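Okay, so here's the structure we're looking at.
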Amino acid sequence: MLASLFIRDIVLIDSLNLGLGRGLCALTGETGAGKSILLDALGLALGGRADSGLVRMGAKQGSVTASFEVFPDHPACRLLRERDMECEGVLVLRRTQTGDGRTRAFVNDQPVSVSLLRLLGALLVEVHGQYDTLSLLDEASQRRMLDAYGEYVPLLEEVRVAYEARYEARVALEAYEAEASHLTGEVDYLEHSVNELTALNPKVGEEKELAGTREFLRQGAAVTSFLSQALDILGQDNNLENSLGSVVRHLERLVPEGGGQLNEIIETLDKLLAEMEDARHVVTAIVERLADKSSELEEVEQRLFALREAGRKYNIQPDELADLLEKFQTRLRSTEVQVDRGCELAACLDKAVAAYTQSAEVLSKARIKVAGRLDKEVCQEFEPLKLGGAIFVTRVERPENLDETRDGGVEGWDRVYFEVAPNTDLSLGPLNRIASGGELSRFMLALKVTLANRGVMPVMVFDEIDQGIGGAVADAVGQRLARLAQKTQVLVVTHAPQVAARADKHFSISKEQNDMTLTSVRVVCLSEDDRLEEIARMLAGARVTEEARAAAKRLLKERLS
């Protein structure tokens, strides 16, 4: 409930502290008396558009403070608690506006952003201006009205969660697919490189070893000649070996007489004889190898050239090829995992699409079921609003050629729209084509009254909803507003005495000038006697007659009956 509205230095209002009450509050006054200023000020406190022109002439700053009484579980309180702000029954929204265009917003005296103020305002107050019934023509608004009536919050939440999961799964898959061509090319390159290097099987240090062997083999003729000479020396008639053997045998005969001093000499000569034998075998093997050097040199050069060619291809040293092969193998395994991830992402999207489709289908069936009940209740409101011959139908349709992977949003995929026929002899059609301005206002009021029993209703403000109607129709509108005010606080700016008479509290708005001829807006909560005079004025015009007073009494009496 909007408990009070304090306005300072806004347009023609120097200072106004308006205490409001529950039920239906009527604001009346002559045309141009300042009713729109009051609503503009309220809109500023609710996060509406700021304008330096709102500051009263001569003042540096204007401000508007709106105090609300709310219960702890009100959506506005939940919104504040999500932002770590307290909300304990009283919610004070304040907005300041300076003459140089700056504006500041406060909630319970804590500075906040204007966007947060706007979010809170939308949860606390719903304003219907003279042209705001056009929002009734918006299909998104019509769908939200049906959902509010249906009270299937769990279904809506399930669809919202499923939609977000589907969206995230699709984005992830699309991001993967955007890189898929690059990934495929990389896999092909890695597979080719791994196969090539695996077949080459490079070893660290191999290039240096092959280069040395190649040089050795290329110098094979000179080496063979020299080693052949060495072999001749080592094996020439075995003279050297025979001489050394003779020495060893002679020393062995002298061992008993040497007292162990000759053992070391004998061991050394034995080793020398053995090593000479080994040397002769090694030299013989090398000589034999060099005898067939042409085929081995070709193989060594082919291997060496293959390693160096691979090094040039990958722009590294041959000794780094083995490490590169390992890196390529690791990267290939990683890309293969990514390919598998693509399959997983596609499966996740399929699962998310199926979940969203199921949730949206359940919600769609619930809407179709609820639509019939809404139509019946709204039509029951038509008779009191003098729309007894009107027909109201809620259509729930799914899009043609439905793409389940993309179609539908957080509120499902249904297209929901209202059709009416103002009279039984007319065909059904969309609201914006069939209903007149006055009829639109009454259709909207019928919907609001029907929805009053569903969920949390914000404070409702109606700005001249009775425009263009009078007599019995205006009285019916007053009755509907009074009924709506039993469920939520309703503020109505009206020129219809039939509406004003139904109010629980009546405020008169007028302009006055002080001694300095400065104009200001004055708002007064009327007593019963003053209220009688105001309604009589609304009935009679400039000159209030006794007949007008009598009619006003009848209107006020009907409110109490």
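From a predicted model like this one, the values you see are computed outputs, not experimental measurements.
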Test item: D14 and R8 side chains (from C-beta on) under 4.5 Å apart, heavy atoms: no

Cation-aromatic face contact R166/Y356, 6.0 Å, 45 degrees: yes

Donor-acceptor side-chain pairing of D529 and S527 below 3.5 angstrom: no

Closest contact, heavy atoms only, N17 versus S4: OD1-CB, 4.4 Å

Distance (rounded to the nearest 0.5 Å) between L120 CG and S115 OG: 9.5 Å

Point-to-point distance, once rounded to the nearest 0.5 Å, from CG of D403 to CD of E400: 14.5 Å

Crowding at CZ, R160 (>12 non-hydrogen neighbours, <6.0 Å): yes

Atom CZ of R102: over 12 foreign heavy atoms under 6.0 Å: no

E419 (side chain) donor-acceptor with P430 (main chain) under 3.5 angstrom: no

Pair E361 + R398, salt bridge at N-O below 4.0 Å: yes

Other residues, nucleotides, ligands: >12 heavy atoms within 6.0 Å of R395 CZ: yes

Pairwise side-chain contact, Y176 with E174, heavy-atom cut-off 4.5 Å (strictly under): no

Flag side-chain contact, heavy atom, 4.5 Å: L363 against E158: no

From CD (E377) to OH (Y149), nearest 0.5 Å: 3.0 Å

Gap between atom SG of C77 and atom CD of E86 - 0.5 Å precision: 11.0 Å

Full working for side chain to side chain contact (heavy atoms under 4.5 Å, CB included) between R95 and L117: CA-CA 9 Å; R95 183 91 172 273; L117 199 69; 3.8 Å; yes

Donor-acceptor contact below 3.5 Å, side chain D51 vs main chain G53: yes

Intermediate values then yes/no, side chain to side chain contact (heavy atoms under 4.5 Å, CB included), F462 and L491: CA-CA 6 Å; F462 294 93; L491 279 66; over 6 Å; no

M85, CE: over 12 other non-hydrogen atoms inside 6.0 angstrom: yes

CD/Q358: more than 12 non-hydrogen atoms of other groups inside 6.0 Å: no

R549 atom CZ: more than 12 heavy-atom contacts under 6.0 Å: yes

Side-chain touch V370/L146, heavy atoms, less than 4.5 angstrom: yes

H506 side chain to T28 side chain, donor-acceptor N/O pair below 3.5 angstrom: yes

Test item: R56 side-chain N/O and L12 main-chain N/O as donor-acceptor pair under 3.5 Å: yes

Heavy-atom closest pair, residues L2 and A66: CD1-CB, 3.9 Å

Main-chain N/O of G47 paired with R118 side-chain donor or acceptor, under 3.5 Å: yes

pair I509-V524: side-chain heavy atoms closer than 4.5 Å: no

Any donor-acceptor N/O pair, R22 side chain to Q489 backbone, under 3.5 Å: no

Pairwise distance CG(L44) to CG(D40) - rounded to 0.5 angstrom: 9.0 Å

Contact summary for C87 and L91, nearest pair of heavy atoms: SG-CD1, 4.2 Å

Side-chain donor or acceptor of T488 paired with backbone N/O of P458 under 3.5 Å: yes

E533 and V544, any side-chain heavy atoms less than 4.5 Å apart: yes

F106, CZ: over 12 other non-hydrogen atoms inside 6.0 angstrom: yes

Pairwise side-chain contact, C348 with K351, heavy-atom cut-off 4.5 Å (strictly under): no

Q486 CD to D504 CG distance, which is reported to the nearest 0.5 Å: 9.0 Å

Side chain proximity check, E381 to T450, heavy atoms < 4.5 angstrom: yes

Within the 6.0 Å centroid threshold, strictly below: F382 and F443: yes

Side-chain donor/acceptor of D9 to backbone N/O of V55, under 3.5 Å: no

Donor-acceptor under 3.5 Å (S364 side chain, A360 main chain): no

Criterion side chain to side chain contact (heavy atoms under 4.5 Å, CB included) on D147 and R367, from CA distance to verdict: CA-CA 7 Å; D147 291 342; R367 282 173 170 154; 2.8 Å; yes

